[in-house]
2 protein chains.
Amino acid sequence: MRLSHQEPPANLAQRLADSGLRNTPQREVVYNALLVRRDHPTADEVYTRVRPEMPTISLATVYNCLETLVQCDLVRQVNFERGPSRYCANLLPHAHFHDEKTGATYDIPLPPEVLAHVRSVLPAGYEAKTVEITFHGQAPIA
Amino acid sequence: MRLSHQEPPANLAQRLADSGLRNTPQREVVYNALLVRRDHPTADEVYTRVRPEMPTISLATVYNCLETLVQCDLVRQVNFERGPSRYCANLLPHAHFHDEKTGATYDIPLPPEVLAHVRSVLPAGYEAKTVEITFHGQAPIA
DNA sequence: TCAGCGAATAAGAATCATTCCAATCAGCAA
DNA sequence: TTGCTGATTGGAATGATTCTTATTCGCTGA
């Protein structure tokens with residue numbers, strides 16, 4: 001039985017299988033929630049968005065699913081200061097802009113040459129697997 | 001009575017005064033702790049480093065002092081994922097390299113042109129007050 | 001089809017960093 | 001000395017997340 005009109009992404013089942021994990025309805029609705037509204041929700045926000053569709057899901061399961069998706073490289077976990085973790089289904093290289101007034105988060109695409117330039121500041125011997133770039137300030141009023 | 005052989009930085013009293021705040025022995029020892037060992041300690045680590053010198057200080061006060069120092073722009077607060085906040089007395093523009101194996105943190109100096117290049121990715125209207133750049137990976141064995 | 005097994009889920013307890021709170025305390029001014 | 005304001009203390013409270021335990025699910029082989 002299909003719980004949502006959203007097509008579950010072919011990606012998900014594939015990636016889970018690649019990691020030797022099972023696909024489950026919970027993982028599907030959680031992943032879908034991140035795909036349909038890309039506003040960097042917290043685990044708790046995902047929980048409330050998902051409950052109408054699946055009222056029996058638990059917050060612990062939402063945390064588990066999100067962690068699984070992060071491990072499968074389908075989702076990025078984003079942290080600002082010590083606030084609750086936020087989750088992001090945009091896999092293209094991008095920075096985050098955190099609006100200090102509204103708390104909103106915007107993705108800023110990162111051209112490869114900028115990324116390369118940033119990596120060039122590393123002294124010899126430092127092997128960076130990931131680079132995180134976060135701006136804090138005020139976004140346009142729009 | 002001087003509690004430490006470290007000279008309390010002339011900066012501190014000045015900066016506190018500029019913000020209309022008082023200088024206190026607690027703020028001095030906390031700031032000094034960050035100056036003498038620049039390994040990005042957590043509040044708790046500062047607490048244990050400072051207690052031999054001032055056994056009556058409380059953890060809450062360490063938190064308060066650190067927050068005060070951050071607000072006076074004498075100290076930077078650094079967060080990795082959702083781990084405890086770390087504190088850094090290096091005020092020159094720099095990125096952080098977080099060693100995933102050891103947990104150690106290294107400062108990576110940031111030339112102004114790299115910083116400018118990074119800022120150039122922002123679309124018109126985005127006003128960034130600060131940029132945070134963090135590398136995750138493996139640092140040289142040295 | 002059914003039993004068995006490991007993985008996934010659910011519910012609630014536990015953890016940990018941090019903040020809050022209420023009661024003192026310290027330094028300066030009148 | 002007395003007040004006043006900000007700072008410190010110690011402990012309680014908070015909040016996000018993780019852990020624990022029992023239960024359920026889904027697949028595999030008989």
Side-chain angles (χ1 to χ4, degrees), chain A residues 1 3 8 12-13 15-31 33 40-51 53-72 74-75 77-87 103 105, chain B residues 1 3 8 12-13 15-31 33 40-51 53-72 74-75 77-87 103 105:
Chain A
M1 174 190 150
L3 289 168
L12 177 58
R15 289 293 188 99
L16 288 169
D18 291 351
S19 306
L21 301 167
R22 295 179 186 161
N23 193 4
T24 68
Q26 287 85 346
R27 287 172 177 172
E28 271 185 19
V29 294
V30 166
Y31 186 40
H40 306 83
T42 63
D44 212 71
E45 284 164 353
V46 171
Y47 180 48
T48 60
R49 288 178 195 185
V50 139
R51 258 194 302 184
E53 242 179 292
M54 185 181 279
T56 60
I57 199 171
S58 75
L59 180 56
T61 299
V62 172
Y63 272 103
N64 288 338
C65 291
L66 289 170
E67 192 194 335
T68 300
L69 294 171
V70 169
Q71 279 168 353
C72 293
L74 284 166
V75 165
Q77 179 172 2
V78 185
N79 297 289
F80 300 123
E81 273 96 59
R82 288 200 39 92
S85 287
R86 298 177 168 279
Y87 298 87
T105 302
Chain B
M1 174 188 148
L3 290 169
L12 176 59
R15 289 293 188 100
L16 288 169
D18 291 351
S19 306
L21 301 167
R22 295 180 188 162
N23 194 3
T24 67
Q26 287 86 347
R27 287 172 178 173
E28 271 185 20
V29 293
V30 166
Y31 186 39
H40 307 81
T42 64
D44 213 70
E45 284 164 352
V46 171
Y47 181 47
T48 60
R49 289 178 195 186
V50 138
R51 258 194 302 184
E53 241 179 294
M54 186 181 279
T56 60
I57 199 172
S58 75
L59 179 57
T61 298
V62 171
Y63 273 103
N64 288 338
C65 291
L66 289 169
E67 193 194 334
T68 300
L69 295 172
V70 169
Q71 279 168 351
C72 292
L74 284 166
V75 165
Q77 180 172 0
V78 185
N79 296 289
F80 300 122
E81 273 95 59
R82 288 201 38 92
S85 288
R86 298 178 168 277
Y87 298 86
T105 301

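So you know, we letter chains A, B, ... as the sequences are listed, proteins then strands, and number each from 1. Basis for what follows: all heavy atoms, side chains included, without hydrogens, waters or symmetry-related copies.
- One atom, CZ of B:Arg51, and another, P of D:dT9, lie 12 Å apart when rounded to the nearest Å.
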Polar atoms only, N or O, under 3.5 Å: list the protein pairs with nucleotides 14-17 of chain D and their distances.
unit_1	atom_1	unit_2	atom_2	d
D:dT17	OP1	A:Ser85	N	2.7
D:dT17	OP1	A:Ser85	OG	3.2
D:dT17	OP2	A:Tyr63	OH	2.4
D:dT17	O5'	A:Tyr63	OH	3.3

Would you mind building the protein contact string for nucleotides 5-14 of chain C? One character per nucleotide, 5' to 3', B for base within reach (heavy atoms under 4.0 Å), S for sugar-phosphate only, - for untouched. -BBSSBBB--
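- Here the side chain of B:Arg82 pairs a donor or acceptor atom with the backbone of A:Arg82 at under 3.5 angstrom.
- A distance of 6.0 Å separates CG of B:Leu21 from OG1 of B:Thr68, quoted to the nearest 0.5 Å.
- Minimum heavy-atom separation, B:Arg15 to B:Cys72: NH1-O, 2.8 Å.
- Going from atom CG of A:Leu16 over to atom C1' of D:dG26 covers 14 Å, rounded to whole Å.
- Every residue two or more places apart in sequence or in another chain was checked for a side chain to side chain donor-acceptor pair (under 3.5 Å) with B:Asn64, and none qualifies.
- Without hydrogens or angle criteria, B:Glu45 side chain to B:Thr42 main chain gives a donor-acceptor distance under 3.5 Å.
- Residues passing the side chain to side chain donor-acceptor pair (under 3.5 Å) test with A:Ser58 are A:Thr61, sequence neighbours excluded.
- If you measure from atom CD of A:Gln71 to atom C1' of D:dT18, you get 14 Å, rounded to the nearest angstrom.
- In terms of modelled atom types and a separation under 3.5 Å, the side chain of A:Arg27 and the main chain of A:Arg22 share a donor-acceptor contact.
- Between atom OG1 of residue A:Thr48 and atom CG of residue A:Leu59 there is a gap of 10.0 Å, rounded to the nearest 0.5 Å.
- Scored by the side chain to side chain donor-acceptor pair (under 3.5 Å) test, A:Asp44 finds no partners at all (sequence neighbours excluded).
- Heavy-atom minimum distance, B:Asn23 versus B:Ala13: ND2-CB, 3.7 Å.
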Pairwise N/O distances under 3.5 Å, protein to nucleotides 21-23 of chain D:
none

